[in-house]
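This report concerns only the one structure given below.
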Amino acid sequence: MDTILLLAHVDPDGSLAKPAREALTAATSLKAALAGSTLCVGLVGAEVQAAADTVAACGAERFVGVAGAAFAQSRYATDALAAEAICRETGATLILAAGTSRWCRTLPGVAHRLGGRADTHVTGLPVADGAVSITRWYYRQRMEATIRRTHRPWVILIDPGCLDPWEGTAGEAPVRLIDVQPPAGCVRTAVSGFLAPAADAQTIRPDADLLFVAGAGWTKVQADGKAHVPEAADLILTFLRQTQASLGGSKSLVDLSGEGQSVLPFMTHLNQVGQTGATPRHPKGLAACCHGEEPHVVGWRFISERRAINLDPNCGWARGKADVVYVADAFAVMAKVNALLAEKAST
Ligand SMILES: Cc1cc2nc3c(=O)[nH]c(=O)nc-3n(C[C@H](O)[C@H](O)[C@H](O)COP(=O)(O)OP(=O)(O)OC[C@H]3O[C@@H](n4cnc5c(N)ncnc54)[C@H](O)[C@@H]3O)c2cc1C
């Protein structure tokens, strides 16, 4: 009989972010699949009642929280104290949480304090014959493993973007608050602020429906014997503005930026997709002026529908890596696409 605990940190505005609600989907599915199991929700933050009320209908038997100014910010010492207190209070055997930077930093340590085990980067929790497994990927998403553990408590950190966020009606979910008083040594670290690019300079949008990936071809000499980098930048930014797509880049392109060449000014190493870059999750992806080489394409593992535009009919995409390949000049295609999008927006 497992006691399932969904552990979540509450956003500054008192809400539960999408990754937390995705983890709640996993927790409710697990409860439905494991006969006799119970579900608890544990919340950490400055205030937790409003967040609990938003998930009142999730089927949890108990709502437990640790609240107060000391628990508002992401800080290992206080987050670990709060999570440990909630786990002990609920006697949870399966502890599920979103794989946010805040929990990834804290919960493996909490598992150690509880004498438990922790697994990170979990992408699914299949149940067969009454036993829970987890799935996760290895070697930059090339191999998928299914793992079972009999050891409890088991802390499971679920990668954001793998599940649909829990949706349901709000209600009243009285939270039992645990009094946790952090000792002075636990509050030495203070978050002094956030540094983030201006909203219009932010090109990485994990929640976007579409990932647009630019390759080094945008900076290469074109049929007229010249490079057209400013035009490339304009086409890409116009497309991003009109579609709110997220922007990725190939390694070759982001490396060019680092080497001070004439390149796309908004492209950084954070945009890089692939074996040595990110593995984003979006329903659709469009690559333009990018060759589709294996170390790049491995980052497209979780893109559901992949399309590419390349002048080369023998590029990597054309050899089975994309669902649709447009053998065409990306400058011409994107100019037309932008014009169609503008036309659509104006009607
Ligand atoms: C260990 C290792 C790890 C790596 N990790 C990564 C990684 O994480 N991510 C990554 O991206 N790469 C990675 N690479 C590099 C990878 O192998 C490729 O070299 C790189 O992805 C190529 O980038 P690209 O396709 O943008 O550039 P190129 O190979 O230069 O291709 C440019 C493409 O643009 C096309 N093109 C040019 N003009 C146009 C036009 N007008 N219209 C349409 N198409 C046009 C050309 O036909 C060409 O196919 C790694 C390599 C190694 C060895």
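All ligand and atom numbering here is 1-based and tracks the order in the structure. Numbers here simply count residues along the sequence, with the first being 1.
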- Task: Under 4.0 Å, heavy atoms only, figure out whether ligand 1 is touched by the backbone of Lys220, its side chain, both or neither.
- Result: side chain

- Query: Which bit of Cys289 gets closer than 4.0 Å to ligand 1, counting heavy atoms only: side chain, backbone, both or neither?
  - Reply: both

Around [atom], find the nearest protein heavy atom and jot down its residue, atom name and distance.
atom: atom 47 (O) of ligand 1; value: Asn310 OD1, 2.7 Å
atom: atom 13 (C) of ligand 1; value: Lys251 CB, 3.5 Å
atom: atom 4 (C) of ligand 1; value: Pro295 CB, 3.4 Å
atom: atom 29 (O) of ligand 1; value: His291 CB, 3.7 Å
atom: atom 7 (C) of ligand 1; value: Gln272 NE2, 3.0 Å
atom: atom 18 (C) of ligand 1; value: Glu293 OE2, 3.6 Å
atom: atom 44 (N) of ligand 1; value: Leu311 N, 3.3 Å

With heavy-atom distances below 4.0 Å as the criterion, list the atoms of ligand 1 near [X].
X: Gly274; result: 7 (C), 8 (O), 9 (N)
X: Ala330; result: 40 (C), 41 (N), 42 (N), 43 (C)
X: Asp329; result: 40 (C), 41 (N), 42 (N)

- Query: Charged N to carboxylate O under 4.0 angstrom, Lys251 versus Glu293?
  - Reply: no

- Using a strict cut-off of less than 4.0 Å between a Lys/Arg side-chain nitrogen and an Asp/Glu carboxylate oxygen, indicate whether Arg136 and Asp119 qualify as a salt bridge. no

- So is Cys315 close enough to ligand 1, meaning a heavy atom under 4.0 angstrom away? no

- Query: Ala328 near ligand 1, heavy-atom distance under 4.0 Å?
  - Reply: yes

- Query: Given Val122, which of Ile147, Asp159, Ile134, Leu157 fulfils the side chain to side chain contact (heavy atoms under 4.5 Å, CB included) condition?
  - Reply: Ile134

Please confirm whether [X] comes within less than 3.5 Å of ligand 1 when only nitrogen or oxygen atoms on both sides are compared.
X: Val273; value: yes
X: Ala216; value: yes
X: Phe331; value: no

Would you check if the side chain of [X] reaches a backbone N or O of [Y] as a donor-acceptor pair within less than 3.5 Å?
X: Arg301; Y: Val298; result: no
X: Arg205; Y: Ala245; result: yes
X: Trp103; Y: Asp79; result: no

- Message: Counting only heavy atoms, tell me which of Leu253, Asn271, Thr276 gets closest to atom 6 (C) of ligand 1.
- Response: Thr276

- State which residues pass salt bridge (charged side-chain N to carboxylate O under 4.0 Å, His left out) with Glu47; sequence neighbours excluded, sorted by chain then number. none

- Contacts of type salt bridge (charged side-chain N to carboxylate O under 4.0 Å, His left out), residue Arg152, not counting sequence neighbours: Asp2

- Query: Do the side-chain N and O atoms of Asp255 and Ser252 include a donor-acceptor pair separated by under 3.5 angstrom?
  - Reply: no

- Message: Under 4.0 Å and counting heavy atoms only, is there anything from the protein next to atom 53 (C) of ligand 1?
- Response: no

- Message: Quick one, Lys284 and Asp209 - any side-chain contact, counting heavy atoms below 4.5 Å?
- Response: no

- The reported gap from OG in Ser29 to CG in Asp164 (rounded to nearest 0.5 angstrom) is 10.0 Å

